[in-house]
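For reference, the structure discussed in these notes is given below.
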Amino acid sequence: MNRTHEAGTLRLAHVGQQVTLAGWVARRRDHGGVIFVDLRDASGVVQVVFRDQVAEAAHDLRSEYCVELTGTVQRRPAGNENPDLATGEIEVEVTALTILSESAPLPFPIDDHVEVGEEVRLRYRYLDLRRSRPAAALRLRSEANRIARNLLHERGFVEIETPTMTRSTPEGARDFLVPARLHPGSWYALPQSPQLFKQLLMVAGMERYYQIARCYRDEDFRADRQPEFTQLDIEMSFVDQNDVIELGEAIVAALWSQLAGYEIPRPIPRLRWHEAMDRYGTDKPDLRYGLELTDLTEYFRGTEFRVFASAIESGGYVGAVVMPGGASQTRKELDGWQEWARARGARGLAYVLFDAESGEPKGPVAKNLSPAHLSGLAAAVGAKPGDAVFFAAGERWTSQELLGKARVEIASRLGLATPGEWSFVWVTDAPLFAPVEHSDDVTLGTGRWTSLHHPFTSPTPEWRDRFEESPGEALACAYDIVCNGTEIGGGSIRIHDADVQRRVFRLLGITEEQASEQFGFLLEAFKYGPPPHGGIAFGWDRICALLSGAESIREVIAFPKSGGGYDPLTGAPTPITAQQRAEAGIDAKPKKTTTA
RNA sequence: GGUCCCGUGGAGCAGCUCGGAGUGCUCGCCGCCCUGUCAAGGCGGAGGUCGCGGGUUCAAAUCCCGUCGGGACCGCCA
């Protein structure tokens, strides 16, 4: 070992001891005759002091030189303690200095006080990670892994790795593909999740499986998305929904207790999916604030206002969300909301303002509403004088989703989503199927319906025998856990009955040939006594980002990609040589033509 | 596929509306000074294709068009 102690661990108790430390020059304060250097290693920072002959050598130290030094721990002179440092009561008087390696001038200062652009941080991520906050984010993630592993091992779970080169699984996103040199023209897919493998492990009798699994989806970017991301993936046999939810709560509670110092009140409340849509316009509501939606379809039945009337007559929906204090918005701000709504595919966002003094309803829409509808409106939506009410009218889900997004936007503008406050909720009983026009999912089947979750999700018991009668109303044995408006995990009880599975495929318009082509191996496995099973997968990057207070999941990934899937550090992806191309068999025609 | 924002010495920003010499701020870097600092301080210095290409103009960091790169959002992501 280069060192006898770690820099950040030295305390008054070490005074008088000779120590050898190794680390980096974080900062130097050169006074000529005496030089102070903040020496940083993984454990923290300690001030070291150079005088006399060693000071001459220390003059040449520069930022981020890697050094080893020997000296004596001393109590700092009275009045010179630094209460901001854990080691602030002591310092190390250096007697010998060795420069282990020098550092070129830095592309950006390694200083917690300096803001640095993300582009350059990621390009030099190994320097970025020398800073305390990025380093702490990775350490927190390591702790999260440990907490989950400990808990799952205590409960008898088996950690099992599954392939990263596999066959495409039917999950709706685009696959990353890997050419198979030994089978020119054929390709592996990187898994979008270990979904099918974990179900096979249940057939295999493992009963309790988990994995911190890397998943790959070739989709466009968002702040909370990476082309490769991590799930805490779990599957259990002989369980029902409540068993999986109990386990999920235990994991989330342990994480928040140990890493955020927050005891989640349990049981975590549950919302049925339709109730979430009706009240919050989303399947992942942020319950840190109210602002619930109001269904006004019945209230406005018979209105002359064409926008509302046509929605109601065509069997649609009219609803509203209140913006407290919103009546004081300028014309420009109100126009801004129209633009905001158009960016989200709506025609606009109708509104009524309630005068702050008189409570009088105002605005262009108010002129089109009858006196009766206007006079009861404030009470119907729960608005007070000075508030604004936004309306959406049209198809039910679409309108609710628009209001739901407006609700989030209102909360953000009014600062209602308090950082450091936590709200957890399970959203259960989602629809089993969605009409095809809702998802444009063309990868699976040719029917009028598509799976909202995935085609192995079990219907709830009451729908198991009759989901064909009313596919739009059938409910799934599925559950998502939501934290502060972010989905952090989700899962379902799976279908283990071959007949139910066949009926689901039939409804989805998946022929037996297609089913056997795409996941015949799973159906084959299910011939051999598959146990009832279900599971859950947690979005590990999102959870770690929430726990570390990060804006983006990039902060909790050691080497994240930037937009367009580009890795600013290695420069990947790169073109390949003609030889690599030929060897990989990329241009070869497959012997067997598959049209799946 | 679409919308918006950003691109100015090594880092972070201002300058751009309303065109007039690469102008400014904070930090870093180099040299010298300095014996109690801790985001040390003082003096001096170096460092620029204002992302790139085109256009308008007597004159472009600034106005216009295109393009590249980054970020956010919509679509997409069960």
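Any value given below was found using the heavy atoms of this structure, including those in side chains, with hydrogens, waters and symmetry copies removed. Naming convention: chains lettered A, B, ... in sequence-line order (proteins, then strands); numbering from 1 in each chain.
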With [X], which residues qualify under side chain to side chain contact (heavy atoms under 4.5 Å, CB included), at least two apart?
X      : value
A:S562 : A:Y566, A:P568
A:C215 : A:S193, A:P194, A:F229, A:Q231
A:L569 : A:R125, A:Y126, A:F559, A:D567
A:P107 : A:Y124, A:L127

Between [X] and [Y], do the side chains contain an N or O donor and an N or O acceptor separated by less than 3.5 Å?
X      : Y      : result
A:H59  : A:D30  : yes
A:D175 : A:Q192 : yes
A:S492 : A:R494 : yes
A:T486 : A:N484 : no
A:D286 : A:Y280 : no

Using whole Å, what does the distance between atom [atom2] of nucleotide [N] and atom [atom1] of [X] come to?
X      : N      : atom1 : atom2 : answer
A:R225 : B:rG71 : CZ    : P     : 14 Å
A:E401 : B:rC77 : CD    : P     : 13 Å
A:W340 : B:rG2  : CH2   : P     : 23 Å
A:R344 : B:rC4  : CZ    : C1'   : 11 Å
A:L402 : B:rG75 : CG    : P     : 11 Å
A:E219 : B:rC74 : CD    : P     : 14 Å
A:I553 : B:rG71 : CD1   : P     : 13 Å
A:F221 : B:rG1  : CZ    : C1'   : 17 Å

Between [X] and [N], is there a side-chain N or O to OP1/OP2 distance below 4.0 Å?
X      : N      : result
A:R29  : B:rA39 : no
A:R554 : B:rG70 : no
A:K405 : B:rG75 : yes

Whole-angstrom distance between [N] and [M], as gauged at atom [atom1]:
N      : M      : atom1 : result
B:rU26 : B:rU17 : P     : 25 Å
B:rC29 : B:rG7  : C1'   : 23 Å
B:rC18 : B:rU3  : P     : 24 Å
B:rG42 : B:rG54 : C1'   : 50 Å
B:rU35 : B:rG47 : C1'   : 33 Å
B:rC63 : B:rG19 : P     : 9 Å
B:rG48 : B:rA11 : C1'   : 15 Å
B:rU62 : B:rA46 : C1'   : 28 Å

So, using side chain to side chain donor-acceptor pair (under 3.5 Å) as the criterion, who are the partners of [X] when residues are at least two apart?
X      : answer
A:N82  : none
A:R130 : A:E64
A:T574 : none

Hunt down the Watson-Crick or G-U wobble partner of [N], both distances under 3.5 Å, from any strand shown, or write none.
N      : result
B:rC77 : none
B:rA21 : none
B:rU62 : none
B:rG48 : none
B:rG7  : B:rC68

Ring centroids only, cut at 6.0 angstrom: are A:F526 and A:F456 within range, meaning strictly under it?
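No: the rings miss the under 6.0 Å criterion.
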[X] side chain, from C-beta outward: closest of [options]:
X      : options                : value
A:A223 : B:rC73, B:rG1, B:rC38  : B:rC73
A:A173 : B:rA11, B:rU37, B:rC77 : B:rC77
A:Q47  : B:rG10, B:rC38, B:rC76 : B:rC38

Quick one: the side chain of A:D111 and the base of B:rG28, do they pair up donor-acceptor inside 3.5 Å?
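No, the side chain and the base share no sub-3.5 Å donor-acceptor pair.
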Any donor-acceptor pair under 3.5 Å between the side chain of A:R217 and the base of B:rC76?
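Under the 3.5 Å cut-off, the side chain and the base do not form any donor-acceptor pair.
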Just the atom pairs and distances: protein N or O near nucleotides 12-14 of chain B's N or O, under 3.5 Å.
residue : atom : partner : partner atom : Å
B:rG12  : OP1  : A:G117  : N            : 3.0
B:rG12  : O4'  : A:E115  : O            : 3.4

So that I can tick it off, tell me whether A:D429 and A:R272 are bridged by a salt bridge, with the cut-off set at under 4.0 angstrom between side-chain N and carboxylate O.
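No, this pair does not count.
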Considering only NZ, NE, NH1 and NH2 on the basic side and carboxylate oxygens on the acidic side, decide whether A:E81 and A:R75 come within less than 4.0 Å.
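Result for this pair is no, no salt bridge flagged.
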Residue whose nearest RNA chain B nucleotide is more 5′ - A:S562 or A:F108:
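It is A:F108, whose closest nucleotide lies nearer the 5' terminus.
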Closest nucleotide of RNA chain B for A:R542 versus for A:F36: which of these residues is on the 5' side?
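Between the two, 5'-proximity favours A:F36.
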Heavy atoms under 4.0 Å is the rule here; annotate nucleotides 29-35 of chain B 5' to 3' with B where the base is hit, S where only the sugar-phosphate is, and - elsewhere.
SSS--BB
If you restrict it to nitrogen or oxygen atoms, what contacts under 3.5 Å exist between nucleotides 42-48 of chain B and the protein, and what is each distance?
none

Please list all pairs passing the salt bridge (Lys or Arg N to Asp or Glu O under 4.0 Å) test where one or both residues lie in residues 404-416 of chain A, with sequence neighbours left out.
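Only A:E409-A:R413 qualify under salt bridge (Lys or Arg N to Asp or Glu O under 4.0 Å).
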For A:R554 versus A:P560, what's the shortest heavy-atom pair and its separation?
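Looking at all heavy atoms of both residues, the shortest contact is O-CG, 3.6 Å.
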May I ask you to list the residues of residues 76-93 of chain A, by number, that have any heavy atom positioned under 4.0 Å from an atom of RNA chain B?
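Contacts with RNA chain B under 4.0 Å: A:R76, A:P77, A:N80, A:E81, A:N82, A:E91.
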